[in-house]
Every structure is written in structure tokens, then in C-alpha cells.
S.K.: 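A single structure is presented below for examination.
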Amino acid sequence: MKPTIVLEAHDLAIAAALIGLDGLISLVFGLGLHRQLAVAAIRMVLQLLLIGVILTRVFALASPPVTLLVVLVMVAIGGREVAVRPEQRLVNWGNYQVGLASVAFATGITSILALTTALRPDPWYEARYAIPLAGIVLGNVLNAASLALDALLASVVREKAAIEAQLCLGATARQAMGGLLRAAMRRGLLPVINSMSASGIVTLPGIMTGQILAGIDPMEAVKYQILLMFLLSGGAGLSAVAVVFLAARRLTDARHRLRLDRLTETGSARGA
Amino acid sequence: MTPPRLRIANMRSRLAGPFDLDLAAGECIAITGASGSGKSLFLRQIADLDPGEGEVFLDGTARSATPAPGWRKQVAYVAAESGWWLDMVAPHFPDLPAARAMAPALGLKPELFGGHVLRLSTGEKQRLALLRTLLPNPPVLLLDEPTGALDEASQAMVETILAARLAAGRSILLVTHDPGQALRLGQRHFAMVAGRLVAP
């Protein structure tokens with residue numbers, strides 16, 4: 001389908017002037033952000049152009065192995081994002097393994113469910129549907145997983161005395177950490193609940209706005225958005241649960257010990 | 001021949017040991033030593049809170065043959081810094097009437113149980129944590145500076161209770177910085193030097 005209004009290069013150039021305005025604000029108020037702003041804007045344009053080229057090629061190829069490869073690369077990048085956000089790291093690349101496993105699990109189940117039941121393109125793994133869907137699910141899944149993981153790792157360090165006091169009274173590791181596991185899962189799920197409550201009132205979701213701008217009937221766009229919100233909340237729940245249980249398993253052992261020796265601190269909060 | 005209440009056999013970790021020690025029923029062994037010498041690590045490892053090598057036996061039964069939660073109920077470690085996992089004091093005590101009944105013997109007001117953990121003083125927390133562990137009457141107590149934050153009167157009350165437990169056949173490994181307490185409670189005495197137990 002052709003979008004109703006086709007954007008030309010000079011249309012984008014006019015919008016780019018707004019980035020120039022941001023730069024000016026940074027200079028006038030001495031925010032020191034103009035360099036970062038320029039780099040981020042250039043990165044954004046290059047990355048999106050690149051993904052545009054790649055998607056065009058992949059859609060044209062219509063090859064399942066290539067589609068799978070693209071999705072796997074996206075999942076790997078998502079897993080890495082989950083791993084590097086917390087200040088505490090599980091040793092032996094534990095954050096990466098836990099992040100990757102939970103992101104792959106949640107994105108896989110949610111995307112395949114949507115493709116085989118609600119959307120049903122023919123074939124169900126058609127790149128034009130599978131890749132964008134996996135992408136948007138992945139974005140939410142990695143957000144939920146990284147918040148939950150960060151919350152869990154920070155809380156076990158902070159609550160070491162409380163966890164071990166319970167262990168010393170004969171609690172199992174699961175009992176001693178139960179409250180912290182629940183708090184971490186809750187932390188992962190809050191954003192998706194907030195965004196569901198705010199949808200359509202506080203914000204028009206990005207996908208829906210994009211579809212409406214591209215000329216789709218608003219009701220159709222809304223139905224898609226509802227489907228997406230359900231998928232995103234499902235994915236967020238799965239990934240929060242997975243990341244919390246996988247990380248908790250590494251933080252304890254068969255003798256019901258709290259294994260903080262398996263955590264290292266990165267020392268520096270992650271930059272942009 | 002009956003086995004000792006607690007037998008520590010070649011217990012060691014990366015940071016401390018090896019340790020070999022027998023603790024009889026009704027016996028208290030006091031351990032003193034500089035900060036960082038490994039006293040807490042020693043107690044923690046007996047309670048199976050830190051990974052390591054070697055074996056510990058309770059009345060002849062190997063620790064490795066006992067599920068860890070069950071082991072820790074019998075060989076009960078009380079850390080120098082108490083831990084609390086809920087806001088209120090009362091829910092930390094499964095048997096609240098028994099806790100209230102025992103509190104005065106440790107110089108604790110029964111009203112404390114109705115309050116918030118945040119309101120407790122360090123000394124109150126320390127005695128409540130000890131109380132929590134003493135209530136089920138475990139055969140072995142691993143006590144890490146149990147009177148470190150207490151005034152003399154409270155310290156005397158704690159020592160009286162511990163002496164009564166010893167008289168009733170319970171055993172104690174006591175880490176203390178107070179040589180007087182080591183003499184008052186301990187039948188035997190060791191010093192921890194660089195992760196090894198030596199005669200004082």
C-alpha cells in the first residue's frame with residue numbers, strides 16, 4: 001500500500017531544523033549537549049536508513065532463514081541491553097545469559113502466538129510481519145526484563161542481612177528471597193500497566209499514530225494497537241518472570257546459600 | 001562412644017581454615033581475635049552460609065547428608081548485624097506469645113513487638129535477633145558478638161540466659177571481642193589469627 005502523503009528529502013530537512021533548534025538551546029543555556037545531540041541525531045538517521053535498506057532487502061528475499069537470522073540478531077542485541085543496564089553483574093557472563101534467555105523466550109512465545117493466531121499472514125513467518133512484530137515486542141520485553149533484573153540484583157545486595165537472617169532461621173532460599181522476587185517482577189510489569197492505562201488519553205501510541213499518518217482508518221489502527229498492547233503486556237510479564245527466576249537461581253545454590261560472590265559491581269552507571 | 005555434639009573436620013574455604021574442632025554438649029568455646037581475622041567466616045561456614053570444603057557433624061550426622069534449612073535450624077548462627085525482612089517487629093516471630101514471655105529476661109519491653117523495626121535501637125535489634133534464634137531451642141548456637149551493642153546490664157542478662165542454655169546441655173561457639181566474656185562463658189578459648197584457630 002502507498003502512504004497517502006509521501007515524505008520527500010526536503011520535508012525531512014525542514015524537520016531536521018528542529019534538531020538545530022535544540023543545539024541552539026544547548027549553546028544559549030550552556031547545557032553542553034550540542035555535540036551529543038548532533039552525534040545522536042546522525043546516529044539515528046544512519047541507523048534508521050540502514051534498517052530501511054536491510055528490511056527492503058529482507059522483505060524482497062522472503063527467505064525464512066534470513067528472517068530468522070534478522071530476528072536472532074535483534075534478540076541478541078536486546079539480550080545485551082538487559083545485561084548491561086544493572087550496576088550489578090552476575091559473574092561468568094551471567095547477566096548476558098540470563099538476559100538473552102529471558103528476552104528470547106518472551107519475544108519468541110509472544111511473537112509466534114500473535115503470528116499464528118491473531119495476525120495469521122501467509123506464511124505465518126513472512127518477514128514483513130514477523131520482523132516488525134518481533135521488534136516492537138522485543139522493545140517492551142527488554143525494558144521489562146532489564147528493570148526486573150536491575151531491581152533484583154540491587155535488592156539482594158541491599159537486603160543481604162535480611163535474606164541471610166531468614167536462611168539462618170531455617171528458611172529455604174525461595175522463602176528467604178520471595179519478597180524480593182515479587183518486588184522485582186512488579187518493577188518489570190509496572191511500565192506496561194502504566195502505558196496501557198495512559199494509551200489513547202495521555203498519549204497516542206507511536207505505532208497507531210504512524211498508521212494513521214500513513215492513511216489507515218483510525219478504527220483499524222486502534223484494533224492493531226489493542227492487539228499490540230496485549231502482546232506487549234504478555235511479553236513483559238513472561239520476560240520479567242523469566243529473568244527474575246533465572247537470576248535468582250544463580251544467586252542461590254543447592255545448599256540454600258545467598259551467593260553474592262557471584263555478583264560483581266561495574267562501578268559506573270551506564271552512559272547513554 | 002557417643003560422638004561430640006559438633007565436630008568440625010578439615011573445614012576450609014579460600015579465605016580461612018583448615019579448621020578441626022570438637023564441641024561437646026553443654027560446652028562453650030570462646031573465640032577472640034582481631035577484626036578481619038576470620039572469626040565471622042568461621043561461624044558462617046559452620047552454618048553452611050558460605051561455600052567451602054570439609055565436613056561438619058552434628059551428633060555424628062554429616063552436614064552434607066542434612067538439607068541446609070534443617071541444618072541451620074539445629075546449628076543456629078546469629079550474625080553480629082541483625083537482619084529484618086518486614087516493617088513490623090511482630091511478624092518476625094512465628095511464636096509471638098513465647099517471644100513476649102521471654103523478652104523481659106533479655107531486658108526487652110513486650111511493647112516492642114507492636115512497633116516498627118525502624119524504631120528499634122541497635123541493642124534492641126541485637127537482643128530480638130538473639131531471642132528469635134533462642135526460642136526454638138537449637139542444640140548448637142553460633143553467636144557472633146552477641147553483646148557487641150549492649151550496655152553492661154543487658155549484657156549480664158544475655159550471659160545469664162546463655163549460661164542457662166549451657167547448663168541445659170546446649171552448646172555455644174562464641175565469637176567475642178570481650179576477654180572478660182570469653183572467660184565468663186567459655187570453658188575453652190581460642191584466638192583466630194589469619195584464618196586459623198590457635199591457643200590464646
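Proteins get letters first, then strands, A, B, ... in listed order; numbering begins at 1 in each. Keep in mind that what you see is a predicted model, and the values were worked out from it rather than measured.
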S.K.: Measuring only between side-chain heavy atoms, which start at C-beta, is T133(B) closer than 4.5 Å to C168(A)?
M.R.: no
S.K.: At a heavy-atom separation under 4.5 Å, does P67(B) approach chain A through its side chain, its backbone, both, or neither?
M.R.: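 Looking at P67(B), just its backbone touches chain A.
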S.K.: If you count heavy-atom pairs under 4.5 Å with chain A, which of P51(B), A47(B), P94(B) comes out on top?
M.R.: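 Ranked by heavy-atom pairs under 4.5 Å with chain A, first place is P51(B).
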S.K.: Are more than 12 heavy atoms from other residues, nucleotides or ligands located less than 6.0 Å from atom CZ of R7(B)?
M.R.: no
S.K.: Other residues, nucleotides and ligands only: do more than 12 of their heavy atoms fall within 6.0 Å of CG on N92(A)?
M.R.: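 Counting neighbours around CG of N92(A), 12 or fewer heavy atoms of other residues, nucleotides or ligands fall under 6.0 Å, so no.
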S.K.: Are there over 12 heavy-atom neighbours, none belonging to K125(B), within less than 6.0 Å of that residue's NZ?
M.R.: yes
S.K.: Among A79(B), A76(B), G83(B), A129(B), which residue has the highest count of heavy-atom pairs closer than 4.5 Å to chain A?
M.R.: G83(B)
S.K.: Calculate, to the nearest 0.5 Å, the distance between atoms NE2 and CH2 belonging to H256(A) and W71(B) respectively.
M.R.: 15.0 Å
S.K.: Write out, in numerical order, the residues from residues 155-167 of chain A with a heavy atom short of 4.5 Å from a heavy atom in chain B.
M.R.: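 If one takes a 4.5 Å heavy-atom cut-off, the residues of residues 155-167 of chain A near chain B are E159(A), K160(A), A161(A), A162(A), E164(A), A165(A), Q166(A), L167(A).
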S.K.: Step through the shown structure and confirm whether more than 12 heavy atoms of other residues, nucleotides or ligands are within 6.0 Å of CD on E159(B).
M.R.: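 Yes, the 6.0 Å shell around CD holds more than 12 heavy atoms from other groups.
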S.K.: How long is the span from the CG atom in L135(B) to the CG atom in L169(A), to the nearest 0.5 Å?
M.R.: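 L135(B) CG to L169(A) CG: 10.0 Å, rounded to 0.5 Å.
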S.K.: Enter the distance from R255(A):CZ to T66(B):OG1 here, rounded to the nearest 0.5 Å.
M.R.: 7.0 Å
S.K.: Examine whether an atom of R44(B) lies under 4.5 Å from a heavy atom of chain A, and if so say whether it belongs to the side chain, the backbone or both; otherwise answer neither.
M.R.: side chain
S.K.: Check whether more than 12 heavy atoms from other residues, nucleotides or ligands sit under 6.0 Å from atom CD of E152(B), and answer yes or no.
M.R.: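 Counting neighbours around CD of E152(B), 12 or fewer heavy atoms of other residues, nucleotides or ligands fall under 6.0 Å, so no.
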